[in-house]
Undergrad: 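The structure is given below, and queries will be raised subsequently.
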Amino acid sequence: MVINMGPQHPSTHGVLRLVLEMEGETVTQLRSVIGYLHTGIEKNCEYRTWTQGVTFVTRMDYLAPLSTEMAYCLAVEKLLGIKAPPRAELLRILLLEINRIGSHFVYIATGGMELGATTAMTLGFREREVVLHLLEHLTGLRMNHAFIRPGGLAQDMPDDYHEAVTEFVKTMEERLPLYDKLFTGQPIWRNRLKDVGYLPVDGCLALGITGPVLRSAGLAWDLRKTQPYSRYDEVEFDVPTSTDADCWARYLIRVEEMHQSLRIIKQVLKMLEPGAVMVEDKKVAWPAQLSISSDGMGNSLEHVRKIMGQSMESLIHHFKLVTEGFHVPAGQAYAPVESPRGELGAHLVSDGGTRPLRVHIREPSFVNLQAMPAMAEGGLVADVIAAVASIDPVMGGVDR
């Protein structure tokens, strides 16, 4: 019997269609059908300036928008031959790790709900709400922040960011043990995940699988450790691994990763020193002197008064930088980061103009989804759901 599971199905993460060939309850063949959420983001970037591209790529993996912004901006900075200021690099790490915690909570929430543990959903989203409140306080937006920009950050953190983040860490350290009580020691949860969705390390390497799925098979491959970027080599954290290579191991690894992210956040808070959050180069630094003003967010009043009242050249330069953008030397660059789902890399090609010639994102959800047949064929249809959840694909990233 051939069964369509999805693309409208509560267990297929939105808009994934799985065509299952069944013999009784056993899956004999599985095909993933994608493309129901295609947005053409990479193509859109070719019609926007380099800075405007950030607002597009942030909408790919909407559970970890900051990771895509980071990879994109690192690639732009590589082409420009510049580096973000030290404070900006640390603040980027801070935001990425807060974002990683939020993403992993959605994995527990959606994965639990799909397997019938509705408490997992209410709790996971309760915790994610705390993450989103904090990100909104720090960046101005709950999701799709476009806060990491080529050359640094859109603006500095609010004055009380230290207290807000410290409070967040305290809350999470109180609440995380609850998940061990509710799920790790829960026999039904364990039985649903143990020995399900098996994918050993050679299978992962053959399919290009990265992230928690690869680490659950025993390979401690985490780009924050193996190819450090943005001062990750200055913070201490562990890369959790397992050799069980099943859905259970992936769950345990993601829970431990949240603990490690909190550890990184605490170290970054201690390391932060005052300084610029955008490169000095006025040919790149856009938008200039952002601040929270009476109308929400805009350029600081002093800056506007100066360019409007004193220097015509500054006004022209500001206008051209915003409308045309900056020129990026011809060439190509690839910059990978470790997103919550694995290696997320941005490959950018420039012809020397103010817009990218080509943008391509190596999206981990897209690559990891290839593992579905290997994980599910020969198993039961109920285990297909556990296998999809353990990959934790975000369809916005798959279809782009």
Side-chain angles (χ1 to χ4, degrees), residues 61 63-71 73-74 83-108 127-128 130-135 137-139 145 147-148 152-153 156-157 161-177 179-180 210-212 214-215 220-242 250 252-273 275 277 335-344 364 392:
D61 180 344
L63 294 184
L66 289 154
S67 293
T68 332
E69 292 174 27
M70 183 71 170
C73 290
L74 284 176
K83 207 173 171 204
R87 179 177 171 85
E89 290 200 311
L90 280 177
L91 288 173
R92 284 174 170 185
I93 293 179
L94 183 78
L95 293 168
L96 285 169
E97 294 308 318
I98 294 168
N99 201 181
R100 189 183 310 278
I101 293 169
S103 179
H104 283 346
F105 273 126
V106 175
Y107 152 75
I108 292 177
E127 259 63 279
R128 177 170 183 254
V130 177
V131 173
L132 293 185
H133 274 312
L134 178 64
L135 285 174
H137 181 63
L138 298 179
T139 70
H145 314 273
F147 192 73
I148 297 176
L153 299 173
D156 207 341
M157 294 278 141
Y161 79 93
H162 201 286
E163 296 78 45
V165 176
T166 308
E167 183 60 35
F168 166 76
V169 171
K170 187 164 155 270
T171 305
M172 288 302 144
E173 284 180 335
E174 284 168 9
R175 291 185 182 180
L176 267 175
Y179 288 82
D180 283 327
T210 51
L214 176 60
R215 294 192 281 278
W221 183 261
D222 185 318
L223 292 172
R224 295 174 295 170
K225 277 269 196 239
T226 52
Q227 299 172 19
Y229 49 93
S230 189
R231 299 182 70 180
Y232 265 113
D233 49 348
E234 296 175 34
V235 290
E236 284 181 25
F237 64 99
D238 300 320
V239 178
T241 58
S242 166
R250 287 165 214 145
L252 291 176
I253 281 171
R254 286 191 178 100
V255 173
E256 179 53 33
E257 278 187 8
M258 289 197 268
H259 286 290
Q260 296 300 328
S261 288
L262 289 172
R263 194 175 154 196
I264 294 170
I265 290 167
K266 284 193 281 194
Q267 290 174 65
V268 169
L269 281 178
K270 284 185 186 146
M271 292 161 66
L272 276 167
E273 290 175 354
V277 294
V337 301
E338 184 70 35
S339 96
R341 272 156 281 286
E343 179 178 331
L344 193 160
D392 187 28

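We number each residue from 1, following the sequence as shown. Every value quoted in this text rests on a predicted model; they were computed, and no experiment measured them.
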Undergrad: I'd like to know if Asp156 and Arg87 make a salt bridge, using a cut-off of under 4.0 Å between side-chain N and carboxylate O.
TA: yes
Undergrad: Between Arg215 and Glu338, does any NZ, NE, NH1 or NH2 come within less than 4.0 Å of an OD or OE carboxylate oxygen?
TA: yes
Undergrad: CZ of Phe237 to CD of Gln267: how many Å apart, nearest 0.5 Å?
TA: 9.0 Å
Undergrad: To the nearest 0.5 Å, what is the distance between NE2 (His104) and CG (Leu176)?
TA: 11.0 Å
Undergrad: Under the side chain to side chain contact (heavy atoms under 4.5 Å, CB included) criterion, do Ile101 and Phe168 qualify, and how do the steps go?
TA: CA-CA 11 Å; Ile101 293 169; Phe168 166 76; 4.2 Å; yes
Undergrad: Carefully, step by step, assess Arg100 and Glu97 under the rule salt bridge (charged side-chain N to carboxylate O under 4.0 Å, His left out).
TA: CA-CA 5 Å; Arg100 189 183 310 278; Glu97 294 308 318; 3.1 Å; yes
Undergrad: Assess whether a salt bridge exists between Lys266 and Glu173, defined as any Lys/Arg side-chain N lying under 4.0 Å from an Asp/Glu carboxylate O.
TA: yes
Undergrad: Can you confirm whether Lys170 is buried at NZ, in the sense that more than 12 heavy atoms of other residues, nucleotides or ligands lie under 6.0 Å from that atom?
TA: no
Undergrad: I need the Ile98 CD1 to Ile264 CD1 distance, nearest 0.5 Å.
TA: 11.5 Å
Undergrad: With a cut-off of 6.0 Å (strictly less than), are more than 12 heavy atoms of other residues, nucleotides or ligands near CD of Glu273?
TA: no
Undergrad: Say you draw a straight line from CD of Glu256 to CD1 of Ile253; how long is it, rounded to the nearest 0.5 Å?
TA: 9.5 Å
Undergrad: Kindly indicate, with the supporting measurements, whether the criterion salt bridge (charged side-chain N to carboxylate O under 4.0 Å, His left out) is fulfilled by Arg224 and Asp233.
TA: CA-CA 7 Å; Arg224 295 174 295 170; Asp233 49 348; over 6 Å; no
Undergrad: Does the ring of Tyr107 carry Arg254 above it, NZ/CZ under 6.0 angstrom from centre and within 45° of its axis?
TA: yes
Undergrad: What orientation do Phe105 and Tyr179 show, parallel under 30°, tilted 30 to 60°, or perpendicular over 60°?
TA: tilted
Undergrad: Does a side-chain N-to-carboxylate-O contact under 4.0 Å join Glu89 and Arg92?
TA: no
Undergrad: Could you tell me the separation between the CG atom of Asn99 and the CG atom of Leu94, rounded to the nearest 0.5 Å?
TA: 11.0 Å
Undergrad: Starting at OH of Tyr232, measure out to CD1 of Ile93 and round the result to the nearest 0.5 Å.
TA: 5.5 Å
